[in-house]
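Everything on this sheet refers to the single structure shown next.
Heavy atoms only: backbone and side chains are in, while hydrogens, waters and symmetry mates are out. Bear in mind that the values here come from a model prediction, so they are computed numbers and not experimental data.
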Amino acid sequence: MLFDPLTLAAIAALALGAAVIGSVGGFGTGVILAAALTPLIGIKAVVPVLAVAGAIINSGRFWFYRRSLDRRACGIAVLGALPFLVLGTWIYSMLDARTVGTVLGLTVIATVPARRFLQRRKIVLNSAGLAAGAAVFGLSSGVATGTGMIQIAVLLGAGLSGPAVLATDALATILLDVCKAALFQRLAVLDVQSFYTGVLIGVASIPGSALGAWLVSRIHAHLHVLFMEGLILFGGAFMLWHA
């Protein structure tokens, strides 16, 4: 998987733009990148590459919201997700490319009605509910990308809001992405070239995270969510078609 300079520049520019959107809303970066990277690196390589990139992307986002971190919620989210993340990555390593594409597409599309269901029911989660929701996120994160909306919805359901959601989600995702990348490497799904592609994407996203943080207080939340849902549905449908 060797890219020419023009392709690498295009990937870097795409990562920057995706990071702006992800930094504003806390989700969506993975969907945009997965849909764009699939034709370039193949559906099977997308999740391992984005595990590496995600750790760097979310580091930039966490830095700008770090003062709003909810340490207790972050700890519960990571501990609840980690065992199921291990299971999910193992399942992913055993799947063929066609199945991976189908799972990715369906999972991404399902995050839109899932978010609306939780929002409509105004579900407030206690610690046990937060851990259970984190387990669902951990499993889905192991076998797919673009599932960040699940964790955002769970944290919102646990009573967090605004920058606290973004900071807590970012740190939990960093820790889980590092674990996921290590697991993929152990399972021989993440090679050296995929690792460096992920690093390039992550580094290129840092300015986008800064711009996104600046935009947070200057964009109408409702319009942003509708825009993100449209991107999510498009990304999921694209991955299904490509599979």
Using the side-chain contact (heavy atoms from CB on, under 4.5 Å) criterion, which residues pair with Leu69? Sequence neighbours excluded.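 Listed in chain order: Phe62, Arg71, Cys74, Ala167, Thr168, Leu171.
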Sequence neighbours excluded and cut-off under 3.5 Å, please list the side-chain donor-acceptor pairs for residues 148-156, or say none.
unit_1: Gln151; atom_1: NE2; unit_2: Asp169; atom_2: O; d: 3.4
unit_1: Gln151; atom_1: NE2; unit_2: Asp169; atom_2: OD1; d: 2.7
unit_1: Gln151; atom_1: NE2; unit_2: Thr173; atom_2: OG1; d: 3.1

When you compare the side chain of [Y] with that of [X], does any pair of heavy atoms fall below 4.5 Å?
X	Y	answer
Leu37	Ile11	yes
Asp191	Phe195	no
Leu176	Phe137	yes
Leu85	Cys179	yes
Val189	Val47	no

Going hydrophobic residue to hydrophobic residue with side-chain gaps under 4.5 angstrom, can you get from Leu16 over to Leu6? no
Following the transitive rule for hydrophobic clusters with a side-chain heavy-atom cut-off under 4.5 Å over Ile, Leu, Val, Met, Phe, Trp and Tyr, establish whether Leu79 and Ile76 coincide in one cluster. no
Could you state the interatomic distance from CD1 (Ile201) to CG (Leu50), rounded to the nearest 0.5 Å?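 Those atoms lie 6.0 Å apart.
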Smallest separation among heavy atoms of [X] and [Y], with atom names:
X	Y	answer
Ala204	Pro207	O-CD, 3.4 Å
Thr197	Val49	CG2-CG1, 4.1 Å
Ala77	Ala134	O-CB, 3.3 Å

Can you pull the side chain to side chain donor-acceptor pair (under 3.5 Å) pairs that have at least one residue in residues 175-187, sequence neighbours excluded?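 Sorted pair list: Ser141-Lys180.
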Kindly state each residue pair satisfying side chain to side chain donor-acceptor pair (under 3.5 Å) with at least one member in residues 8-19, sequence neighbours excluded. none
Measure centre to centre between the rings of Tyr92 and Phe184, then say whether the value is under 6.0 Å. yes
Which residues pass the side-chain hydrogen bond (donor to acceptor under 3.5 Å, both in side chains) test with Arg72, sequence neighbours left out?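 Here the qualifying residues are Ser127.
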Hydrophobic cluster partners of Leu183 (side-chain heavy atoms under 4.5 Å):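 Direct or chained contacts put Leu183 with Val86.
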